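Heads up: numbering here begins at 1 and tracks the sequence. It should be emphasised that the depicted structure is a prediction, and the values quoted were computed from it without experimental measurement.
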Amino acid sequence: MKLHQLQDFLAVAERGSLHAAARHLGKAQPSISRSIRDLEKDLGTVLFERQAKGAVLTATGRAFLMRATVATQSLKQGREEIEQLQGEESGSVAVCLSVVAHMALLPEVLVGFRRRYPKVKLSIVEGAFPSVEASLKDGRVDLYAGLAPGRKLGSEFAVAPLFENTRLVVGRVGHPLANATSLAELVDAPWFATSTSDKPEGEVANLFASFGLRAPVVVGEMSSTLTGMIILSHTDALAIVPRQWTTFEPTRNLVQKIPVKELMPAPPMVMVRRAAMPLTPAAEYFCDLMLRASAHLMSEPTQH
């Protein structure tokens with residue numbers, strides 16, 4: 001089994017056909033076809049079903065896919081690690097950050113990382129843990145920083161606490177209910193839910209119910225920070241958001257905190273990485289910067 005065979009296999013699996021894989025890799029299609037046949041012969045199984053419109057992974061092909069992905073990612077990171085240890089500023093780091101991690105940590109981390117590794121390619125995606133779990137396992141993503149997963153993770157992951165967080169009620173600057181001091185005064189206001197769960201309006205209803213109040217009317221859902229910025233700054237809708245909304249430069253001038261007395265905790269922020277596989281020096285440095293940036297937030301009061 002050779003590295004180029006694994007790379008060819010992954011290209012066909014990702015692109016869905018030998019022709020597309022050959023075009024992507026800049027190789028001749030017969031070369032890709034021969035590489036896949038040799039790999040199948042070596043493994044003693046058929047990895048693809050050849051169809052008129054492309055190539056589809058067999059059951060054994062699907063099982064082999066993660067192993068091949070992990071192997072190629074590990075070899076890639078191994079090469080980058082050696083290069084970085086030898087003083088070369090090359091390679092890449094891939095991270096997944098939640099909205100809060102973007103707001104609270106990334107501005108500080110980004111400056112330090114670009115100063116130390118200006119030539120390393122930094123790939124950042126926004127997301128929550130369930131969506132990135134598979135990419136963490138196979139090494140396509142180096143680390144995740146964001147809301148703590150809602151379940152205990154397996155031993156393949158290492159979890160480090162970052163900071164505790166709270167939520168606020170916010171509305172547009174100059175909102176007619178800007179001086180409200182309790183949730184009871186906000187029951188009749190229109191609300192937008194910010195959760196990405198199956199029933200986001202339930203989060204608002206549950207919060208009000210926890211204080212013995214009836215559920216307000218939820219008129220819509222905001223699935224992104226950009227959507228929330230537009231909705232909250234151009235309507236009289238209210239929302240429950242992480243406290244970073246009132247300190248992060250792009251949002252703090254668009255919304256204001258409604259000073260209700262009720263405390264609204266948020267899930268803690270954590271960093272998740274693979275436990276067994278070491279990171280490259282550049283990825284390790286990014287982790288260190290995340291921990292440093294969160295250190296002062298660990299001691300901040302959790303009140304809003």
List the steps, then state whether side-chain contact (heavy atoms from CB on, under 4.5 Å) holds for H175 with L238. CA-CA 9 Å; H175 195 284; L238 301 176; 3.4 Å; yes
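- With hydrophobic clusters built from ILVMFWY side chains whose heavy atoms lie under 4.5 angstrom apart, L289 does not share a cluster with V111.
- In terms of hydrophobic clustering, with Ile, Leu, Val, Met, Phe, Trp and Tyr side chains grouped at heavy-atom distances under 4.5 Å, L6 and F48 are assigned to a common cluster.
- Ring to ring, F157 and Y144 are not that close: their centroids are 6.0 angstrom or more apart.
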Could you go through the side-chain contact (heavy atoms from CB on, under 4.5 Å) check for F163 and L105 one step at a time? CA-CA 11 Å; F163 59 91; L105 302 175; 4.2 Å; yes
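- You'll find the side chain of L143 stays beyond 4.5 Å of the side chain of V272, heavy atoms only.
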Steps toward salt bridge (charged side-chain N to carboxylate O under 4.0 Å, His left out) verdict (D142, R273): CA-CA 6 Å; D142 294 301; R273 53 189 285 186; over 6 Å; no
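- The side-chain heavy atoms of D188 and R214, taken from C-beta on, include a pair separated by under 4.5 Å.
- Within the 4.5 Å cutoff, side-chain heavy atoms of F64 are placed close to those of L39.
- The line from OG of S17 to CD of Q29 is 7.0 Å long, rounded to the nearest 0.5 Å.
- The closest side-chain heavy-atom distance from E185 to L177 is not below 4.5 Å.
- Closest approach of R15 and A21 over heavy atoms only: CB-N, 4.0 Å.
- Clustering ILVMFWY residues whenever any of their side-chain heavy atoms sit less than 4.5 angstrom apart, transitively, puts L136 in a cluster other than the one holding L279.
- Listed by first then second residue, pairs satisfying salt bridge (charged side-chain N to carboxylate O under 4.0 Å, His left out) with a partner in residues 286-296 number zero, not counting sequence neighbours.
- At a threshold of 4.5 Å between non-hydrogen side-chain atoms, the residues I36 and R50 count as touching.
- The line from CG of L110 to CD1 of I124 is 6.0 Å long, rounded to the nearest 0.5 Å.
- Of all non-hydrogen atoms in A237 and I231, the two that sit nearest each other are CB-CG2, 4.4 Å.
- Criterion: ILVMFWY side-chain heavy atoms under 4.5 Å apart, direct or through other members. Under it, V217 and F192 are part of a common hydrophobic cluster.
- Between F208 and W191, the ring planes are perpendicular. Angles over 60° get that label, and only those under 30° would be called parallel.
- Among all heavy-atom pairs drawn from P267 and N165, the shortest one is O-CB, 4.2 Å.
- Within the 3.5 Å criterion, the main-chain N or O of V56 finds no donor-acceptor partner in the side chain of E49.
- For the pair R151 and E133, the salt-bridge criterion is met [side-chain N within less than 4.0 Å of a carboxylate O].
- The closest donor-acceptor contact from the side chain of T235 to the backbone of L232 lies at 3.5 Å or more, if one exists at all.
- Side-chain heavy atoms closer than 4.5 Å link hydrophobic residues (I, L, V, M, F, W, Y) into clusters, and following such links, even through other members, never connects V173 to V170.
- E262 places no side-chain N or O within 3.5 Å of a backbone atom of F211 that could act as its donor or acceptor partner.
- Between atom OG1 of residue T246 and atom CD of residue Q256 there is a gap of 11.0 Å, rounded to the nearest 0.5 Å.
- Between A266 and R167, the closest heavy-atom pair is CB-CG, 3.7 Å.
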Please evaluate residues D8 and K27 with respect to the criterion salt bridge (charged side-chain N to carboxylate O under 4.0 Å, His left out), reporting the C-alpha separation (whole Å), side-chain torsions for both, the decisive distance (0.1 Å), and the verdict. CA-CA 10 Å; D8 293 343; K27 295 182 177 181; 2.9 Å; yes
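- Under a 3.5 Å cut-off, the side chain of T251 and the backbone N or O of M229 do not form any donor-acceptor pair.
- The two residues L25 and A11 make their nearest non-hydrogen contact at CD1-CB, 3.6 Å.
- Sorted by first and then second residue, the side chain to side chain donor-acceptor pair (under 3.5 Å) pairs involving residues 102-111 (not counting sequence neighbours) form an empty list.
- Summarising the geometry, atom CZ belonging to F129 is positioned 9.5 Å from atom SG belonging to C96; distances are rounded to the nearest 0.5 Å.
- Atom CZ in F286 sits 11.0 Å away from atom CG in L291 (nearest 0.5 Å).
- Residues V109 and M290 meet the side-chain proximity criterion, which asks for heavy atoms closer than 4.5 Å.
- Side-chain atoms of T225 and W245, non-hydrogen and from C-beta on, do get closer than 4.5 Å to each other.
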V12 vs I32, test: side-chain contact (heavy atoms from CB on, under 4.5 Å). Steps then yes/no. CA-CA 9 Å; V12 176; I32 300 290; 3.8 Å; yes
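- R274 and D138 are not joined by a salt bridge, as no carboxylate oxygen comes within less than 4.0 angstrom of a charged side-chain nitrogen.
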Verdict with reasoning, M1 to L43, per side-chain contact (heavy atoms from CB on, under 4.5 Å): CA-CA 8 Å; M1 188 184 306; L43 294 173; 3.5 Å; yes
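- Using a 4.5 Å heavy-atom cutoff, the side chains of T69 and L10 are in contact.
- Distance CD1/I240 to CG/L168: 10.0 Å, rounded to 0.5 Å.
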